[in-house]
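The structure appears right after this line, and notes come after that.
Note that the structure is a prediction, hence the values are computed from the model and not measured.
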Amino acid sequence: DGGITQSPKYLFRKEGQNVTLSCEQNLNHDAMYWYRQDPGQGLRLIYYSQIVNDFQKGDIAEGYSVSREKKESFPLTVTSAQKNPTAFYLCASSMQNSYEQYFGPGTRLTVT
Amino acid sequence: AQRVTQPEKLLSVFKGAPVELKCNYSYSGSPELFWYVQYSRQRLQLLLRHISRESIKGFTADLNKGETSFHLKKPFAQEEDSAMYYCALIKGTGNQFYFGTGTSLTVIP
């Protein structure tokens, strides 16, 4: 079954703990993205990566970190420095020079 | 700076009526604009992009540079069109997308 997967679907953490969200794709896409979705704010780009071992900050990268050691994987770590981590997180991928992004099902993170 | 604006959070129309979802953008270069859609319990997916000038599921969108708009239109709404619609703009060569806040469309039977 090809596509882009995110796990887990729901994640709960205590304040002050780092947490890593998984994003995997088997579409052989070069580019991968992380978005945060909050009510009334649409999707906001956190980080994106166009190639392995390279990534760029989006508009709201503070308090987040990523790695891109493999083409298929682009994990996002929400650190304790992120002031409002509770949100819905979407991962996406696309072919290089393609404008169509394929989205994962999302992970809802709740930090208390 | 808000690059993509969707002024309507919610929009309801009757089946068979025309529908228009508004999108305005601010960008100094030549924009690439898109509409993405999320149906209930499905993933966000591309609906159409201005560069292809295509009609998908009866929807069309014309880029109006003078009004900086990219409104999505359909002459006769169907119940299956009920979904969340996002307008998006791509900036530069980095494939960095900017999404609007979305419009939830409900088509009333």
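- With rounding to the nearest 0.5 angstrom, the CG atom of A:Leu43 is 8.5 Å from the CD atom of B:Gln38.
- Rounding to the nearest 0.5 Å places CG of B:Leu46 at 11.0 Å from OG of A:Ser94.
- Put simply, CZ on B:Phe99 and CD on A:Gln101 are 5.5 Å apart, with the number rounded to the nearest 0.5 Å.
- Transitive grouping of hydrophobic side chains (ILVMFWY, heavy atoms separated by less than 4.5 Å) keeps A:Phe74 and A:Tyr33 in distinct clusters.
- A chain of hydrophobic side-chain contacts below 4.5 Å, direct or via other Ile, Leu, Val, Met, Phe, Trp or Tyr residues, connects A:Leu45 to A:Phe103.
- Around CD1 of A:Ile51, the count of heavy atoms belonging to other residues, nucleotides or ligands within 6.0 Å does not exceed 12.
- Only the backbone of A:Gln41 comes within less than 4.5 Å of a heavy atom in chain B; its side chain stays farther off.
- Nearest heavy atom pair, residue A:Gly104 against residue B:Arg43, reads CA-NH1, 3.7 Å.
- With a 4.5 angstrom heavy-atom cutoff, B:Glu32 touches chain A only via side-chain atoms.
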Inset, instruction - Could you walk me through whether B:Leu44 and A:Gln37 pass the side chain to side chain contact (heavy atoms under 4.5 Å, CB included) test, one step at a time? - result: CA-CA 12 Å; B:Leu44 192 60; A:Gln37 190 174 28; over 6 Å; no
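- In A:Tyr102, the OH atom is not crowded: 12 or fewer heavy atoms of neighbouring residues, nucleotides or ligands sit closer than 6.0 Å.
- Atoms CG and CD, from B:Leu48 and A:Glu100 in turn, are 11.0 Å apart once rounded to the nearest 0.5 Å.
- If you measure heavy-atom distances from A:Asp38 to chain B, you find no contacts under 4.5 Å at all.
- The aromatic ring centres of B:Phe97 and A:Tyr35 sit 6.0 Å or more apart.
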